[in-house]
Protein chains: 2
Amino acid sequence: MSPGKGADLEETSRTTHTMRALMELRKKILSGDYPGGTRLFEVSLAETLQISRTPVREVMSRLAEEGLLDRLANGGFVVRSFTYADAVDAIELRGVLEGTAARLAAERGVSQAGLDQLREIQARLDDCFGEAADEVDLEAYSEANAKFHVVLVELSGSTVIQREVERATRLPFASPSAFLSGRAHVAAFRQSLHIAQEQHRTLVQAIAGREGARAEFIAREHARIARKNLEYAVFEDPELMLTVPGLVLLNS
Amino acid sequence: MSPGKGADLEETSRTTHTMRALMELRKKILSGDYPGGTRLFEVSLAETLQISRTPVREVMSRLAEEGLLDRLANGGFVVRSFTYADAVDAIELRGVLEGTAARLAAERGVSQAGLDQLREIQARLDDCFGEAADEVDLEAYSEANAKFHVVLVELSGSTVIQREVERATRLPFASPSAFLSGRAHVAAFRQSLHIAQEQHRTLVQAIAGREGARAEFIAREHARIARKNLEYAVFEDPELMLTVPGLVLLNS
DNA sequence: GCCAAGCCTCATGTATACAGGGGGTTCAGG
DNA sequence: CCTGAACCCCCTGTATACATGAGGCTTGGC
């Protein structure tokens, strides 16, 4: 089994028309050009993407695999539509799966090298914070945070779990980095990153101490930050829906 | 969102060449005709399945979606190969996801009708047992058991969770009904069904009493029965590997 | 004898023509 | 006005021809 195929695929494989069209269509869906429920027709899409129907079918098939499109019973595809409740559940799902990865890492044990790797990223995250409580290098934090979550899941030692976490994470609003852009102006948000980082710290500690249950529930609670941010965006500051990637997918 | 698309699709949609070929190829893979790691070529498969390359691509794309095939970096597909550890993790994953569904059902509450439905199936499962401890109508049990698990997940009220449980369940050896055939001759196995049924009972009780944590961990423990059966098949009675669906997929 | 370069072959990428079915619309009859 | 049936159009299913790139093999030179 080759985990992470989805992501690597586009990096490693040569740039073919299908790949270009795949990225283009994905971007269009993610930016709200095709609202949820929109049916996508092969012919018109072929014209839009400047390719023939064959690669269009290929592209739609892959996007269905990613969870952005749904297959219709009698053929054809529609853009998958998400409610607010779906987004909440997708985040919950990510928390549960990352929690499982963390628990397995703790229960089954990780190598010293793996632990060092996690601690090194943790240190890098620490370096992102400035003197003031609300001073933080968001760009660097976002990058290191993404890396932390990737390594954490790798340490589970399970390609099956890894594959499913990656899958759950592919929905943009469920990603660990989803809300790390676009809220920089909110001081309370920047301060909340200290709490997130404390969770990173205790998570590493729990894994090192082989405390499975503790690791699992810290990871779950960690995902709850995303849920809080989602609630804030939806109910407090709807303008954020346009800047946080993927939130335009939410319908009702 | 339309949960359960995968399964219904084949029931509802008209029988097209692609569908016939999809079922045929899936059956061949599941029965071990193409061992894990085997690369599938479009042209030779087209000859084997008596269709042209276009629907072959469609079929392989869908099987990749199901998790039976892996995409290669430079195009093409290989039959996904599973180790014993992968099977253990896939069962663990199913337990975690069903556990989450059970927890959400308990926490968020279910309707009286939903609860009644679950209890009715539970009663049907009770009826499968005879007077003697090891007397059981396996066929009826298997059917009702599958239904129980489906309804349980529906009661989570989350289409996102439902979709992922169905996905995790699609791997044949991870299905709740995986080991309910082929072990009928083992008395200890038949008696273990009493334990499983007791877990069904307490699971319903936990959901009714809105005991989320209890529901979650009973569901996880319930999945452990499958893991025990897997261990038995692999280490105690390797002949079972040929009769339990999907176990031929295991390589090392 | 080994290494490198070029060619050749094979598998996938892509376009397109034709077939067939489903759904929508329209018209006619009640 | 409502209902049902028939027809037509549009969209997907399928086959196939051609393009293209990657990898292996062979050959030649050092």
Side-chain angles (χ1 to χ4, degrees), chain A residues 2 5-6 8-26 28-29 34-35 37-66 68-80, chain B residues 2 5-6 8-26 28-29 33-66 68-80:
Chain A
S2 59
K5 62 176 179 66
D8 307 287
L9 205 68
E10 281 157 50
E11 295 163 16
T12 60
S13 76
R14 70 177 179 282
T15 121
T16 172
H17 285 172
T18 304
M19 287 306 166
R20 186 192 55 74
L22 175 62
M23 291 187 292
E24 190 175 333
L25 182 55
R26 187 196 290 120
K28 283 194 175 189
I29 293 173
Y34 300 103
T38 306
R39 181 162 177 190
L40 298 181
F41 297 105
E42 292 180 4
V43 180
S44 66
L45 255 188
E47 289 169 6
T48 305
L49 299 173
Q50 299 276 33
I51 49 178
S52 75
R53 282 178 52 211
T54 309
V56 166
R57 290 170 75 88
E58 173 74 15
V59 165
M60 291 199 292
S61 185
R62 282 172 183 257
L63 288 178
E65 209 168 325
E66 279 184 34
L68 286 181
L69 299 182
D70 273 332
R71 286 182 194 272
L72 293 173
N74 281 326
F77 296 83
V78 289
V79 179
R80 186 170 165 193
Chain B
S2 60
K5 61 173 182 71
D8 309 288
L9 205 68
E10 282 155 51
E11 295 164 16
T12 60
S13 75
R14 70 176 180 283
T15 123
T16 173
H17 285 171
T18 304
M19 287 304 166
R20 185 192 56 73
L22 174 62
M23 291 186 292
E24 191 175 331
L25 182 55
R26 186 195 291 120
K28 283 194 175 188
I29 294 172
D33 286 15
Y34 300 104
T38 306
R39 180 163 177 188
L40 298 179
F41 296 104
E42 292 180 4
V43 180
S44 66
L45 254 188
E47 288 169 8
T48 306
L49 299 173
Q50 299 275 36
I51 50 178
S52 75
R53 280 178 52 213
T54 310
V56 167
R57 290 169 75 88
E58 173 74 15
V59 165
M60 292 199 290
S61 186
R62 283 172 183 257
L63 289 178
E65 211 168 323
E66 279 184 33
L68 286 182
L69 299 182
D70 272 333
R71 288 181 194 273
L72 292 173
N74 281 328
F77 296 84
V78 289
V79 178
R80 187 171 166 193

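Small disclaimer: the values here were computed from a predicted structure and weren't measured. So you know, we letter chains A, B, ... as the sequences are listed, proteins then strands, and number each from 1.
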Checklist line | Interatomic distance, B:Phe41 CZ vs C:dG13 C1' [rounded to whole Å] | finding: 16 Å
Notebook entry, point to check: Between B:Arg57 and D:dT14, does any side-chain N or O lie under 4.0 Å from OP1 or OP2?
Noted result: no
Check: Can you check the B:Glu58 CD to C:dT12 P distance for me, whole Å?
Finding: 16 Å
Next item on the list: Grab the CG-C1' distance between A:Leu45 and D:dC10 for me, whole Å please.
Entry: 16 Å
List, with names and distances, any nitrogen or oxygen atoms from the protein found under 3.5 Å away from nitrogen or oxygen atoms belonging to nucleotides 15-19 of chain D.
unit_1: D:dA15; atom_1: OP2; unit_2: B:Ser52; atom_2: N; d: 2.6
unit_1: D:dA15; atom_1: OP2; unit_2: B:Ser52; atom_2: OG; d: 2.8
unit_1: D:dA15; atom_1: O5'; unit_2: B:Ser52; atom_2: OG; d: 3.4
unit_1: D:dA15; atom_1: N7; unit_2: B:Thr54; atom_2: OG1; d: 2.9
unit_1: D:dT16; atom_1: O4; unit_2: B:Thr54; atom_2: OG1; d: 3.1

Checklist line | Spacing between A:Leu49 atom CG and C:dT14 atom C1', to the nearest angstrom | finding: 14 Å
Notebook entry, point to check: Base, sugar-phosphate, or nothing for B:Leu40, non-hydrogen atoms under 4.0 angstrom?
Noted result: sugar-phosphate
Notebook entry, point to check: With respect to the phosphate group of C:dG23, does any side-chain polar atom (N or O) of A:Asn74 fall under 4.0 Å of OP1 or OP2?
Noted result: yes
Check: Can you tell me how far the CG atom of B:Leu25 sits from the CG atom of B:Leu69, to the nearest 0.5 Å?
Finding: 6.5 Å
Notebook entry, point to check: In whole Å, what is the span from the CE atom of B:Met19 to the P atom of D:dG13?
Noted result: 8 Å
Checklist line | Electrostatic pair A:Arg62-A:Glu58, nearest N-O below 4.0 angstrom | finding: yes
Checklist line | Interatomic distance, A:Glu42 CD vs D:dT14 C1' [rounded to whole Å] | finding: 12 Å
Item checked: Nearest listed nucleotide, side chain of A:Thr16, among C:dA11, D:dT12, C:dG13 -> C:dG13
Notebook entry, point to check: If you round to the nearest 0.5 Å, how far is CG of A:Leu40 from CG of A:Leu45?
Noted result: 5.0 Å
Item checked: Backbone of B:Arg57 reached by a side-chain donor or acceptor of B:Ser61 within 3.5 Å -> no
Margin query: Within this structure, what is the CZ-CZ distance for the pair B:Phe77 and B:Arg39, rounded to the nearest 0.5 Å?
Written below: 10.5 Å
Next item on the list: Rounded off to whole Å, could you give me the CG-to-C1' distance for the B:Leu22 and D:dG13 pair?
Entry: 15 Å
Next item on the list: Kindly compute the distance separating OG1 (B:Thr18) from CE (B:Met23), expressed to the nearest 0.5 Å.
Entry: 11.0 Å
Note to self: Between B:Arg39 and C:dT12, is there a contact of a side-chain N or O with OP1 or OP2 at under 4.0 Å?
What the structure shows: yes
Notebook entry, point to check: Roughly how many Å is it from CE in B:Met60 to P in C:dT12, rounded to a whole number?
Noted result: 6 Å
Check: Does any non-hydrogen side-chain atom of B:Arg71 lie less than 4.5 Å from one of A:Glu65?
Finding: yes
